[in-house]
Number of protein chains: 2
Amino acid sequence: MSGPAQRRITIKEVAEAAGVGVATVSRVLSGGSASPETREKVFAAAARLDYRPSALGRNLRRQRTGGVGLLVPDITDSFYARLADGVLSCARSYGEPVTIGVTGDDPEREAELIGALIEQSMDRLIAVPSGDGDMWAPALRAGLNVVFADRRVRTDVPSVVPDDRAGVLTAVEYLAGLGHRRIAFLARHGQSQRVTAFLDATASLGLPVDRDLVVHARASRDSAYAAAAGLLQNHSDVTAVLAGGNVLGEAAVLAARELDVRVPRDVSLIMFDDVPWAELCSPPLTVIAQPAQDIGYRAAELVLRQGRRPPTVTLPTRLVVRASCGPRVAPRRSS
Amino acid sequence: MSGPAQRRITIKEVAEAAGVGVATVSRVLSGGSASPETREKVFAAAARLDYRPSALGRNLRRQRTGGVGLLVPDITDSFYARLADGVLSCARSYGEPVTIGVTGDDPEREAELIGALIEQSMDRLIAVPSGDGDMWAPALRAGLNVVFADRRVRTDVPSVVPDDRAGVLTAVEYLAGLGHRRIAFLARHGQSQRVTAFLDATASLGLPVDRDLVVHARASRDSAYAAAAGLLQNHSDVTAVLAGGNVLGEAAVLAARELDVRVPRDVSLIMFDDVPWAELCSPPLTVIAQPAQDIGYRAAELVLRQGRRPPTVTLPTRLVVRASCGPRVAPRRSS
DNA sequence: ACCACTCATGGAAACGATTCCATCATGATT
DNA sequence: AATCATGATGGAATCGTTTCCATGAGTGGT
């Protein structure tokens with residue numbers, strides 16, 4: 001049942017109960033100066049009436065909304081969920097509510113959500129941007145305080161990102177060290193940072209550089225599976241695969257199993273992002289762990305802290321060796 | 001860099017630009033009646049100035065905030081992430097923003113978050129409640145419009161829950177059908193519904209009812225692992241385990257592997273909640289799938305739709321047979 | 001004794017929207 | 001032709017808070 005919706009008590013009633021003016025109540029409650037006895041009276045009245053200041057009134061007057069917005073492509077993806085958890089954890093310590101929206105990696109939906117947040121007078125936003133940087137111009141002009149997380153698409157917006165370059169290099173070096181020469185990269189659209197890092201890494205290690213070895217997929221599970229299956233079927237010469245994220249890794253494992261490709265005997269597999277199931281998988285997956293939670297936390301710190309904001313924070317990745325990579329034996333026979 | 005924070009345009013400026021009064025602008029923009037030419041002028045002016053009504057002003061006047069609050073124990077848990085996704089998906093179609101908070105299954109933190117939401121004048125809340133129902137009395141008295149998801153702790157609050165009773169019964173029947181007689185239930189604290197359903201199910205199937213076969217854990221991974229390991233070590237007579245949720249199932253798989261208990265040869269394992277990795281696991285896990293997303297969606301519908309609200313919606317679960325359950329062979333030898 | 005200065009205090013304006021109500025014009029009915 | 005009903009329209013009040021400014025009291029210095 002919805003109750004009788006008892007009216008909330010306002011600052012005016014507190015003022016009356018305390019026998020002072022509303023201005024004084026406001027001042028005392030926000031830590032301004034007042035005489036000790038007045039403070040006492042106000043606090044007593046406020047406590048007695050269980051007064052809760054209305055954020056609406058405050059924000060309207062102050063011309064800024066307390067909370068922070070958070071835009072992620074998919075809250076169901078463990079990586080973004082952990083990122084969101086970091087944001088929430090930091091925001092909680094500041095006492096700020098966070099309003100979340102899922103973009104589905106669709107720039108159009110993203111723009112809609114930004115509009116909705118502006119309508120709410122949110123002036124602080126943490127986003128995993130979907131499209132390219134151009135579409136952010138209007139939002140920035142509107143005075144929105146933006147921090148990018150996980151991806152950096154504009155240099156004039158503070159960003160917190162994993163060290164893609166080092167992560168990719170570590171993975172490729174590890175595979176090369178095991179003797180692999182034809183290594184494929186299973187990438188999600190928009191991972192241009194990692195793609196160039198991958199091409200640079202293979203080149204710098206003297207491996208053959210072949211753009212065909214970079215396979216792209218959209219963010220959905222279906223698209224990832226199709227890309228993974230296509231890769232394993234059409235490139236029988238690759239002996240190692242680097243997956244650019246956990247859903248791509250999942251798709252690779254599934255596709256390999258379906259196509260009867262043994263991991264790591266037939267092909268070695270290494271995945272970006274450490275997820276709980278990586279250890280449960282058979283074989284347990286070797287991964288490049290990303291500090292998803294830290295990324296969120298740091299991004300929230302950046303957007304909540306008032307001070308100067310460094311242009312970009314890069315957080316280290318870490319190679320976690322499990323059992324999905326082995327020495328190169330022989331190229332698989334052609335299909 | 002933060003721009004010059006260009007001031008947002010107000011309804012007053014639109015009125016001036018259109019040559020009409022503010023009341024007329026408000027009326028036109030919210031679909032009220034007006035003469036065709038006035039409508040035209042107002043729409044033109046609003047579009048030209050790119051006018052966005054301030055939700056703050058509107059909500060202050062209307063005495064209610066548009067958005068809905070969402071309280072989950074842990075956004076990192078796939079189940080709650082999918083539930084949240086359902087809520088977000090429904091809320092998006094209503095154009096309502098969602099403010100999310102994680103309770104960590106801690107009633108105290110939950111109470112804090114409720115307070116924060118009330119401060120924001122949120123009057124609609126979807127919650128996976130942490131403690132018992134008593135602590136919700138103040139919130140309900142404050143006129144909050146609450147819908148419970150996943151757990152029902154009060155009969156006077158509409159709730160959307162999975163069919164625990166049927167799910168547990170299906171699982172136990174399945175295991176009993178394979179010949180298992182001593183079945184353990186690995187439960188999270190607070191899953192009293194499922195525990196009683198479990199005891200009822202075992203009793204109704206003529207299996208020995210033994211409260212020691214119900215092992216409790218807190219929500220954390222560590223606690224779950226400890227409980228799972230303890231169960232497998234101390235009860236060498238159990239031949240099948242039902243895990244009450246995905247983190248418990250994960251812990252069971254890990255503990256079994258660590259203790260060299262083979263699944264399903266030594267013990268059969270069945271888990272509540274179907275997660276993507278259940279299929280990647282070795283062996284692939286047989287699960288009781290729960291419609292997490294639907295639960296969230298339906299809960300959001302309930303809280304957003306104005307009409308009468310049914311007391312409880314129960315959503316069906318589904319047995320997905322994979323490879324983690326086998327026929328009972330022989331009790332494991334005592335440790 | 002007077003002035004200058006500090007300090008606590010409360011009234012009132014402001015924030016941006018909605019909505020009540022009065023006003024006015026127009027068309028219809030008697 | 002006078003009256004009534006209808007509908008469009010804008011002024012002003014309102015929501016709950018913060019903050020500017022004026023007022024008045026008290027203090028210390030010359």
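Lettering follows sequence order; numbering is per chain, from 1.
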Between NZ of A:Lys12 and P of D:dT17 the distance, given in whole Å, is 11 Å

Salt-bridge present (A:Asp74, A:Arg109; N to O < 4.0 Å): no

Can a side chain N or O of A:Ser26 be found less than 4.0 Å away from OP1 or OP2 on D:dT18? yes

For A:Arg39, answer base if it contacts any base atom (sugar-phosphate contacts may also be present), sugar-phosphate if it contacts only those atoms, and nothing otherwise; contact means non-hydrogen atoms under 4.0 Å. nothing

Expressed in angstrom and rounded to an integer, what is the separation of B:Lys41 atom NZ from D:dG10 atom C1'? 12 Å

Output yes when B:Arg151 and B:Asp105 qualify as a salt bridge under the 4.0 Å nitrogen-oxygen rule, no when they do not. yes

Reading DNA chain D from 5' onward, which residue's closest nucleotide shows up sooner: B:Gly21 or A:Arg61? B:Gly21

Rounded to whole Å, please give me the gap between CG in A:Asn59 and C1' in D:dT19. 15 Å

Could you go through A:Gln63 and B:Arg8, starting from their C-alpha distance and side-chain angles, then the distance that decides it, and tell me whether this counts as side chain to side chain contact (heavy atoms under 4.5 Å, CB included)? CA-CA 10 Å; A:Gln63 291 287 73; B:Arg8 77 186 293 155; 5.9 Å; no

Below the 4.0 Å mark, does D:dT18 have OP1 or OP2 next to a side-chain nitrogen or oxygen of A:Arg58? yes

Rounded at 0.5 Å granularity, tell me how far CD1 in A:Ile126 sits from CG in A:Leu83. 8.0 Å

Of C:dC15, D:dT18, C:dG10, the nucleotide closest to the side chain of A:Val20 is C:dG10

Nearest nucleotide by nearest heavy atom, which residue falls closer to the 5' end of DNA chain D, B:Gly19 or B:Arg62? B:Gly19

Rounded distance in Å - CD (A:Glu37) to P (D:dG26): 12 Å

Does D:dA8 have OP1 or OP2 sitting under 4.0 Å from an N or O in the side chain of B:Ser33? yes

Rounded to whole angstrom units, what separation is found between the CD atom of A:Glu13 and the P atom of D:dG16? 8 Å

Atom-to-atom span, CD1 of A:Ile9 to P of D:dG16 - whole angstrom: 11 Å

For a 4.5 angstrom cut-off between non-hydrogen side-chain atoms, does A:Val303 reach A:Tyr94? no

Quiz item: A:Arg52 side-chain donor-acceptor pair to D:dG16 base, under 3.5 Å: no

Please confirm whether the shortest side-chain N or O distance from A:Ser35 to OP1 or OP2 of C:dT9 is below 4.0 Å. yes

Among D:dT19, D:dG11, D:dG16, the nucleotide that comes nearest once only the side chain of A:Thr10 is considered: D:dG16

Any B:Gln63 side-chain N or O less than 4.0 Å from OP1/OP2 of D:dT14: no

Sugar-phosphate only, base, or nothing, as touched by A:Thr38 at under 4.0 Å among non-hydrogen atoms: sugar-phosphate

Would you mind classifying the nucleic acid contact of A:Ala34 as base, sugar-phosphate or nothing, using non-hydrogen atoms under 4.0 angstrom? sugar-phosphate

Whole-Å gap separating C1' (C:dA17) and CZ (B:Arg64): 14 Å

Side-chain N or O of B:Thr24 closer than 4.0 Å to phosphate OP1/OP2 of D:dG10: yes

How far apart are the C-alpha atoms of A:Asp77 and B:Arg82, what are their side-chain angles, what is the distance that settles it, and do they pass the salt bridge (charged side-chain N to carboxylate O under 4.0 Å, His left out) test? CA-CA 9 Å; A:Asp77 182 326; B:Arg82 284 176 290 142; over 6 Å; no

In whole Å, what is the span from the CD atom of B:Gln120 to the C1' atom of D:dT17? 14 Å

Give the nucleotide from the list C:dG10, C:dC15, D:dG10 with an atom nearest to the side chain of A:Leu60. C:dC15

